[in-house]
Amino acid sequence: MKNIFRKEVLIGVVAAISIAILVVGIDFLKGVNVFKPSNYYYATYTNVEGLAVSAPVTLNGYKVGLVREIAYEYNNPGHVKVELSLDKELRLPKGTIAQLGTDLLGTASISLKMPHSTDYHSVGDVLTAENKKSLMDNVAGEMLPSVSALIPKIDTLLTSINTLVADPALAASIKRIDAITANLEASTRRLNSLMGTLPPVAENLKVITGNLASSSADLADITAGVKEMPLDSLMDNITTITTNLRCLSEDLRDKNSTLGRLINDPSLYDNLNSTISSLDSLFVDIKKNPKRYISIKLL
């Protein structure tokens with residue numbers, strides 16, 4: 001009888017220990033440290049989508065606790081009560097807001113917004129709850145109307161682009177651009193060839209520069225020589241020559257002078273023309289009958 005009693009007690013103790021280990025293990029897997037002292041606060045939300053037990057509770061981005069339990073308030077329809085397990089050392093000033101937010105993956109977490117106050121909540125108080133707008137809510141509330149207003153403009157723009165693309169002038173312009181590009185490439189090649197010839201040109205320029213310097217020196221010598229010339233007597237001689245040329249010109253224009261008669265007398269022109277014609281006939285006859293004139297020369 002005693003052995004049976006002892007076995008039953010042993011089984012009961014083992015079962016109790018197993019249950020305790022199971023509870024502690026489940027809480028550990030959830031992120032709850034049953035051996036760490038915590039303070040518990042509460043917050044009531046109308047929407048806890050994405051929030052799960054053991055979700056982090058953060059303060060300025062630092063994890064200070066987790067969600068201990070989520071329960072629907074049947075006595076307050078439409079509200080869900082969330083129990084927050086926070087670090088024992090954390091004291092919440094009155095007016096602290098438990099803000100529920102959702103990230104891009106749909107996972108919700110709670111962040112604490114603490115005001116500056118020296119009056120603190122008691123453990124077990126209900127905090128002010130607030131749902132933070134998610135990115136999708138912002139997109140639906142702000143961006144979608146803008147996108148809806150933008151769609152007709154995009155449609156008009158696409159229509160204009162299609163019209164522009166179908167315009168034959170665009171294809172012609174593209175062909176002209178291709179031709180211009182080809183001309184630029186050819187010009188670039190010619191420019192490169194020209195740049196290759198610049199070193200000899202530079203050498204030639206150096207030679208030309210040297211020649212110019214020598215010419216400048218020669219011009220300086222000539223200028224010095226001109227300065228030393230008797231310009232006064234030279235000008236007198238030029239004046240005398242000019243006077244003589246004027247007199248000669250007047251004699252040529254005067255029909256009564258000898259030179260004027262030679263130039264203005266038509267009979268002189270006729271005699272000269274006749275003489276030239278006779279000589280021409282003589283030369284022609286010599287070519288035709290050279291023996292006649294050769295025989296005369298021998299006699």
Side-chain angles (χ1 to χ4, degrees), residues 50 61 101-107 109 132-246 248-249 252-253 263 269 272-273 276-277 279-280 283-284 287:
T102 306
D103 59 16
L104 292 174
L105 299 178
T107 303
S109 62
K132 182 181 179 181
K133 287 187 177 181
S134 64
L135 180 61
M136 295 305 297
D137 292 335
N138 292 331
V139 170
E142 297 178 6
M143 294 183 65
L144 286 181
S146 301
V147 171
S148 298
L150 189 62
I151 287 175
K153 298 180 181 179
I154 294 176
D155 184 64
T156 303
L157 179 61
L158 292 176
T159 303
S160 301
I161 292 174
N162 290 332
T163 304
L164 179 62
V165 171
D167 192 350
L170 179 61
S173 299
I174 293 174
K175 290 182 180 180
R176 286 195 293 270
I177 291 173
D178 291 338
I180 291 171
T181 303
N183 292 333
L184 287 175
E185 291 178 354
S187 300
T188 302
R189 288 194 295 270
R190 286 194 291 268
L191 182 60
N192 290 333
S193 301
L194 179 62
M195 293 297 292
T197 61
L198 284 180
V201 172
E203 294 296 330
N204 293 332
L205 287 176
K206 290 181 180 179
V207 175
I208 292 171
T209 303
N211 294 334
L212 288 175
S214 177
S215 299
S216 297
D218 294 338
L219 287 174
D221 294 338
I222 291 171
T223 303
V226 168
K227 288 181 179 179
E228 294 177 358
M229 289 176 63
L231 294 179
D232 294 336
S233 60
L234 180 61
M235 292 302 297
D236 292 338
N237 293 332
I238 292 173
T239 302
T240 303
I241 293 171
T242 303
T243 302
N244 294 332
L245 288 174
R246 186 181 296 110
L248 179 61
S249 178
L252 290 173
R253 287 197 301 270
I263 292 174
Y269 172 78
L272 288 175
N273 191 20
I276 291 171
S277 298
L279 289 174
D280 183 62
F283 290 148
V284 171
K287 289 181 180 181

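Everything numeric in this text was worked out from a predicted model, so none of it was measured. Residues: numbered from 1 along the sequence shown. Side chains are part of it too, since the values below use all heavy atoms of this structure and drop only hydrogens, waters and symmetry mates.
Applying the side-chain contact (heavy atoms from CB on, under 4.5 Å) criterion to Ile161, with sequence neighbours excluded, gives Leu157, Val165. Listed by chain and number, the residues in a side-chain contact (heavy atoms from CB on, under 4.5 Å) with Thr188 are Asn192 (sequence neighbours excluded). Judged as a side-chain contact (heavy atoms from CB on, under 4.5 Å), and not counting sequence neighbours, the contacts of Thr242 are Ile238, Arg246. For Arg189, the side chain to side chain donor-acceptor pair (under 3.5 Å) test picks out no residue, with sequence neighbours left out.
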